[in-house]
Structures are given as structure tokens and as C-alpha cells.
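One-based numbering, in listed order, for ligands and for the atoms of each.
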Amino acid sequence: MPDTPSLIRRTPWPQSASRPLGTPIQPSVVYASPDPDTLDAQYGGTVPGYTYAREGHPNADVLAQKIDGLEGAEGGLVLGSGMAAVTAALMGVLKAGDHVLGGDQLYGRSLRLLSQDLPRFGINASMADSTDAAAFEAAIRPETKLILLEVVSNPTLRLADLAAIAAMAKARGILLAVDNTFTTPRGIRPFEHGADIVIHSVTKILAGHSDATLGYVATRDPVLRKAIYDFAVTTGMTPSPFDCWLAERGLYSFELRYDRSESNAEALAAFIAAQPGVKRVLYPTRYDHPDHNRAVAMLGARGGHMVSFELEGGRAAANALTRAAPDIAFAPTLGDIGTTLSHPASSSHRALTPEAREALGISEGFFRISVGVEDINLLTAEFGAGIAAARAATET
Ligand SMILES: *Cc1c(COP(=O)(O)O)cnc(C)c1O
């Protein structure tokens, strides 16, 4: 006969007249309601309350509210990854027979979703050049239901003609979804430019520390929101409460990190452009950027934290650069607090033929930098050494 309290009964949370400054983490999968009437009212939406974590939990909601505030949205959803957000936005809204039109330089997995996965469900997709509104318009079909864009393309940092595409989408009743991961709401708020759906990989600079994988999707239309929410809950795109907690903590410093990364990026772009052996530098607010005027019109002075550049020389030059810049993490991601460097030809774009890469302007000497918050002198020293080593490797 047990004379100690059951260890299985949950101990009540200790009372405290003071409250924690930090956000609590709530990992509970399930919530106990007082009675069936209350549970019924919770499911009916007349009484607030959580039921089962796959359907929603406090850490996801706290994080979603913060991103909502940045984007000018309400009721945004935090999901288990950026790709979960892209998938829920598309598959929650589209049906067999619909056509989706994407930019031709979307994030690699988004391109794959459009070209490989959606067609298996009878949803056709095609891609067009989103920097060219006429080419984009020509690719619209009678059954086009949704357009998926990124404001700044990966990895060549070209600017979509958002104003023209948003106007044509609106005129034709086509939904416009914008993946705002690269630009962030600090660069542009897509709802103010005609977007119906805004998507983020929170994994990147919003969370900012490469330790949480999360996505976000928001819409101002409650019918669309419910369709996306139900698809995400049914297919189990639940975010981890701990990841949400990490990302929320990361957001406290988002604006500081973004601004510092951006001013570093602008300075680093100028430095790299001045080095011998560099063919070209791509940074949206530079005068030599192919979409400079559009960048200024859309983003003002906000060029963002991404810089791309092309070295003379091939793979040997690229290898020499990463080896001679050991303080710059050569890692296929972006948005980390520290600078990371990626080489599309050996990672995100390795599945393309060399000719297809060349058509996009991605040679073996092409790099994309996600600039972090380091001291700019450290960054110029590392890239200076890397580019000099690349040049030496090309000359031998
Ligand atoms: C990384 C990224 C994604 C995917 O996000 P995950 O969190 O890695 O699933 C989608 N779109 C863009 C633009 C990205 O950079």
C-alpha cells in the first residue's frame, strides 16, 4: 500500500508573486480541460485554450505574434521548417488542375516542390523570370491560381518586379505568395505591396543563430488561413516548442543583427569589388547591380545582408579561397549571426548542368556570402586573404 504521493501526478507549478522575465518553454503535448463543456467550447473557439500540441502551442503562438508584428499580419502560423511553410501555403490552397507559376530562381527545394512533387498531385507548375514582368505575364495560364515569388533571388540577388507582378495577379484574381526570407520585413513588407500570403524560413536571420529550424506563413484572408492551418495540422508540420523558444529569443536582437549585417554587407561588397581577380559583385544597392533602380525603388537604402561575387578562375580558385579564409564558415546556409559562405556550383545548384548554371550566371568561381555581425576589419582581412589565394591558384 503506497504511502508516498504518486510520482505520476504532476506537481503544481510553484507560486510566485513575481513573474519570470524570460519566456517559459511549454513542451506539453496535451492539455487537460476541466469538463466536456469547456473542451467543446475550446474546439468551438468560444473559449481560448490549447488541446493538443500538433494543433497549436504557446511557444509557437508567442513567436508567431512577434513575426506578425514585423510583417503587419495577424494570426500567422509557425511551422516546423521554412519548407513546411512553403508546402502548407501551396498544398493547403491549391487543388488538382490548378497551375502555379514560380520565379525561376526560387530556393532550390521550392523549385523542386513545384517541378517534382506538386505534379504528382495533379497541380501543374512552371517557372518564369520574375525580373521581367512581360515574360512572367506570358507564362500565366487560364488555370493559374497562385504565383510564388522571392523578392531577391538566390544566389544572384536579382529583384523581382513585384509591383508589376502584384498588379497583374490582382487584375486576374491570382493569389500572390511571397517568400520574404532573404529581404525580411526590415527590407520590405510584402503585404504592403499586394501579397496575399507571406512566407519565411525563420531558420535564417529571424532566428539568427543556426540552432532552430522553423517556418512562418501568414495571410490576411481568414478562409485561406484556415485552409493552410488545417493542411499543416493534418500533415503534422508542428514546430518544436524549444525551437520556437530559441527563435523568439533570437528575435530580440533581430533588428540590431540585421542592421549591422547590412552595413557590413555594403562595406564588404565595396571591398571585394576593388580586389584584383574579382569579375563582378552583386549587391542590390550598388550602382552596377543589374536591377539597381528597382532595388532602390523597392528597398530604399536597404540592400540586405547577402552579397554574391564571382572570381576569375574555376574550382581551383574557389577551393583556394575557402581554405585561405578559415574564419568564414563555408556552410550552405544564410542568416547566421556569423558570416557564412556558400558555393552554389557544389551545393544548391550542383544538380544543374554546367550550361544551365552558366545561363543563371553561376560559374565555378561564384560565391554567395551571408554577412554576419563581425568587426568589418576581420571580414575584409579574411576575404582579402581568400581572394589573393584564389588569384595565386589561378595564375599557377
Ligand atoms: C532556407 C530557405 C527556405 C527553406 O527553409 P528551411 O527552414 O530550411 O526549411 C525557403 N526559402 C528560402 C528563401 C530559404 O532561404
Distance from [atom] to nearest protein heavy atom, with residue and atom:
| atom | answer |
| --- | --- |
| atom 4 (C) of ligand 1 | Tyr107 CE2, 3.4 Å |
| atom 6 (P) of ligand 1 | Gly82 N, 3.3 Å |
| atom 5 (O) of ligand 1 | Ser201 OG, 2.9 Å |
| atom 7 (O) of ligand 1 | Thr203 OG1, 2.6 Å |

Checking side-chain polar atoms at under 3.5 Å, does Ser33 have a donor or acceptor matched by the opposite partner on Gln42?
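Yes - a donor-acceptor pair under 3.5 Å links their side chains.
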
Residue-ligand contact [X]/ligand 1, heavy atom below 4.0 Å:
| X | result |
| --- | --- |
| Asp179 | yes |
| Leu214 | yes |
| Leu334 | yes |

Above 12 or not: heavy atoms from other molecules or residues under 6.0 Å from [atom1] of [X]?
| X | atom1 | result |
| --- | --- | --- |
| Tyr52 | OH | no |
| Glu143 | CD | yes |
| Arg286 | CZ | yes |
| Arg109 | CZ | no |

Could you label the plane-to-plane angle of the Tyr287 and His292 rings as parallel, tilted or perpendicular, counting under 30° as parallel and over 60° as perpendicular?
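Ring orientation, 0 to 90° scale: tilted.
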
Report yes if Val86 has an N/O atom closer than 3.5 Å to an N/O atom of ligand 1; otherwise report no.
no

Below 3.5 Å, N or O to N or O, backbone or side chain included: is there any such pair between Glu150 and ligand 1?
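Not met; the criterion fails.
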
Taking side-chain hydrogen bond (donor to acceptor under 3.5 Å, both in side chains) as the criterion, tell me which of Arg302, Arg186, His305, Arg257 meets it with Glu262.
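Answer to the side-chain hydrogen bond (donor to acceptor under 3.5 Å, both in side chains) test with Glu262 among Arg302, Arg186, His305, Arg257: Arg302.
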
Restricting to heavy atoms, the pick from His200, Met83, Met306, Lys204 nearest atom 1 (C) of ligand 1 would be Lys204

Do Ile147 and Ile188 land in one hydrophobic cluster if side-chain heavy atoms of ILVMFWY residues count as linked below 4.5 Å?
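Yes; tracing contacts between hydrophobic side chains, which count when under 4.5 Å, links both residues.
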
Just jot down the ligand 1 atoms closer than 4.0 angstrom to any heavy atom of Ser81, in number order.
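It comes down to these atoms of ligand 1: 7 (O), 9 (O).
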
